[in-house]
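Presented below is the structure to which this report refers.
No hydrogens, no waters, no symmetry mates; every other heavy atom, side chains included, goes into these values.
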Amino acid sequence: MFPWTPPSKKGGRPKAHPRDCLEGILWILVTGARWKDLPKEYPSKATCHRRFQQWTIEGRLLSAWQIILERMDDAGQIDFSETFADGTFASAKKGVEELARLVVAKALKS
């Protein structure tokens, strides 16, 4: 799902291995840390973030996630009684001033 071509014999800078980038991306997703906090044992934060964006747009991460979930479910490794929704990263509503009526003194009334 994440192809890699070995470095060319002509030279040049070799690309980071997709497995290393994927492990860095998973570290960020599991810990909830910022990209700049990515440990040095992974490729650079810019490389991992760029691959994360590319693979998300291409749908590779979603496909890999679905395959992993299907295999784990088939093996009975998922306990759905322990699942929950987390709204920690839910963004605030945009345009709240437009949603609330303004009173004459231009103060929000809600």
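In this structure, the separation between CD1 on I25 and CD on Q53 is 10.0 Å, given to the nearest 0.5 Å. One finds the OG atom of S44 at 15.5 Å from the NZ atom of K36 (value rounded to the nearest 0.5 Å). Atom CD1 in I68 sits 8.5 Å away from atom CZ in R71 (nearest 0.5 Å).
Below 30°, between 30° and 60°, or above 60°: for H49 and W35 the angle between ring planes is above 60°, a perpendicular geometry.
The shortest non-hydrogen separation linking K45 to L38 is CA-CD2, 4.0 Å. Pairing each heavy atom of P43 with each of C48, the nearest pair is O-SG, 3.8 Å. Taking both residues in full, the closest heavy atoms of I78 and L69 are given as CD1-O, 3.6 Å, listed atom of the first, atom of the second, then distance.
Side-chain N or O atoms of T31 include one that pairs as donor or acceptor with a backbone N or O of W27 at under 3.5 Å. The closest donor-acceptor contact from the side chain of R51 to the backbone of A16 lies under 3.5 Å.
Y42 and F2 fall within the same hydrophobic cluster, where Ile, Leu, Val, Met, Phe, Trp and Tyr residues are linked whenever their side-chain heavy atoms come under 4.5 Å apart, directly or through other members. No chain of hydrophobic side-chain contacts below 4.5 Å, direct or via other Ile, Leu, Val, Met, Phe, Trp or Tyr residues, connects I57 to L61. Both L29 and M1 are part of a single hydrophobic cluster, where members link through side-chain heavy atoms under 4.5 Å apart. No path of Ile, Leu, Val, Met, Phe, Trp and Tyr side chains, each step under 4.5 Å between heavy atoms, connects F52 with W4, placing them in separate hydrophobic clusters. Residues M72 and L26 do not share a hydrophobic cluster, defined by chaining ILVMFWY side chains whose heavy atoms lie under 4.5 Å apart.
Checked for salt-bridge contact, D37 and R34 meet the test: a charged N lies under 4.0 Å from a carboxylate O.
Side chains of Q54 and E58: a donor-acceptor N/O pair is present below 3.5 angstrom, by distance only.
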